[in-house]
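Please read all numbers here as calculations on a predicted model, not as lab measurements.
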Amino acid sequence: MSKTFEQMLDELKIPYTCNMIEQFHQYYEILIEWNKVMNLTGITEYEDVVIKHFVDSVSIKKAVRMENVNTIIDIGTGAGFPGIPIKIVYPHIHVCLLDSLNKRIQFLNNVIETLGLKNIETIHGRAEDYAKQKQYREKYDLCVSRAVANLSSLSEYCLPYTQIGGRFVSYKSGDVDDEIKKSENAIKILGGSIKKIEKFVLPKTEIKRSLVVIEKERITEKKYPRKAGMPTKEPL
């Protein structure tokens, strides 16, 4: 992969190996190949994918001490962002990727197998359904999502998976202050509180990003998340 990608990892203080760089290269090639037959991403130029998907995904290092994280669930993972890039650079973490579209799960399984990733699983289903299951509910150190839903809805999808003392990190665009204000009540109801907002600009772009870090302080009431579609249609 290009030297610029390695320099960006250096700037984030993320150690990497030649094998990791090769895994990212393979990931890019599989993404572009599968994207010809299904809609995985509108971003296809090599450098754009590196910056807007790979570097953006691992930028969580700015907000969370990833060395202390052992388990992650990525809700609405899509083409595997941020879960797979995080897994590549932090191989010690057990990663779970959840998505509602089976075609995307097939793609993710292909990536996992080709890259030889271990301790990573995929789940095909809705976040509302799996959050009710004992093996997934409040089991993760860290829940992440780059999904585009508003923060109130995302918190209802994600906080039920986060264990007490763990964190949910939402990847957002730079202009997030109003959305955060509107979501404060929902986050409180769901047992969380906003601990930090890490704002930055993606390298070599003018794209402003925000990582919203929400800490899980109390158990989420069993009635949350509500039935399928409700968190989006009627945010708390």
Take Thr44 and Ile32 through the test side chain to side chain contact (heavy atoms under 4.5 Å, CB included) and record every step on the way to the result.
-> CA-CA 7 Å; Thr44 56; Ile32 297 309; 3.9 Å; yes
Heavy atoms of other groups near Lys132 NZ, more than 12 under 6.0 Å = yes
For residues 55-100, which residue pairs qualify under ring-ring contact (aromatic ring centres under 6.0 Å, His included), counting only residues two or more places apart or in two chains?
-> Tyr27-Phe81, His53-Phe81
Just grab all the ring-ring contact (aromatic ring centres under 6.0 Å, His included) pairs involving residues 168-205, residues at least two apart or on different chains.
-> none
Quick one: are Ile21 and Leu9 in side-chain contact, heavy atoms under 4.5 Å?
-> yes
Any side-chain heavy-atom pair from Pro203 and Val55 closer than 4.5 angstrom?
-> yes
Is Ile51 close to Ile207 at the side-chain level, that is, under 4.5 Å between some pair of heavy atoms?
-> no
With a cutoff of under 4.5 Å between side-chain heavy atoms, which Ile, Leu, Val, Met, Phe, Trp and Tyr residues group with Ile164?
-> Ile219
Considering only heavy atoms from C-beta outward, does the side chain of Met38 approach that of Arg104 to under 4.5 Å?
-> yes
Contacts of Asn19 meeting side-chain contact (heavy atoms from CB on, under 4.5 Å) (sequence neighbours excluded), chain-then-number -> Thr17, Gln23
The complete set of ring-ring contact (aromatic ring centres under 6.0 Å, His included) pairs with one or both residues in residues 104-132, sequence neighbours excluded, reads Trp34-Phe107, Tyr130-Tyr136
Contacts of type side-chain contact (heavy atoms from CB on, under 4.5 Å), residue Ala131, not counting sequence neighbours = Arg137, Pro160, Tyr161, Pro225
Leu142/Ile60 under side chain to side chain contact (heavy atoms under 4.5 Å, CB included): CA gap, chis, key distance, verdict | CA-CA 11 Å; Leu142 184 62; Ile60 193 168; 3.8 Å; yes
Taking Lys87 for the side chain and Val95 for the main chain, is one N or O donor matched with an acceptor at less than 3.5 Å?
-> no
Got Ile105 and Asn102 here, is their nearest side-chain heavy-atom distance under 4.5 Å?
-> yes
Just list the side-chain donor-acceptor pairs under 3.5 Å for residues 186-198, sequence neighbours left out, or say none.
{"unit_1": "Ser193", "atom_1": "OG", "unit_2": "Glu217", "atom_2": "OE2", "d": "2.9"}
{"unit_1": "Lys195", "atom_1": "NZ", "unit_2": "Glu217", "atom_2": "OE2", "d": "3.4"}
{"unit_1": "Lys196", "atom_1": "NZ", "unit_2": "Ala63", "atom_2": "O", "d": "3.0"}

Could you check if a side-chain atom of Asp178 sits within less than 4.5 angstrom of a side-chain atom of Lys182, using non-hydrogen atoms only?
-> yes
Side chains of Ile120 and Leu108 in contact at under 4.5 Å (non-hydrogen atoms) | no
Qualifying salt bridge (Lys or Arg N to Asp or Glu O under 4.0 Å) pairs with a residue from residues 51-62, counting only residues at least two apart or across chains | Asp56-Arg146, Asp56-Arg209
Do the side chains of Val50 and Thr4 get nearer than 4.5 Å, heavy atoms only?
-> no
Check: residues 65-72 side-chain donor-acceptor pairs under 3.5 Å, at least two apart:
{"unit_1": "Thr71", "atom_1": "OG1", "unit_2": "Asp141", "atom_2": "N", "d": "3.0"}

Partners meeting side-chain contact (heavy atoms from CB on, under 4.5 Å) with Val148 (sequence neighbours left out) | none
Under 4.0 Å between a Lys/Arg side-chain N and an Asp/Glu carboxylate O for Lys181 and Asp177?
-> no
Side-chain polar contacts of residues 227-236 - donor-acceptor pairs under 3.5 angstrom, sequence neighbours left out - could you list them?
{"unit_1": "Thr232", "atom_1": "OG1", "unit_2": "Tyr157", "atom_2": "OH", "d": "2.6"}

Mind checking what makes side-chain contact (heavy atoms from CB on, under 4.5 Å) contact with Glu221, not counting sequence neighbours?
-> Lys223, Tyr224
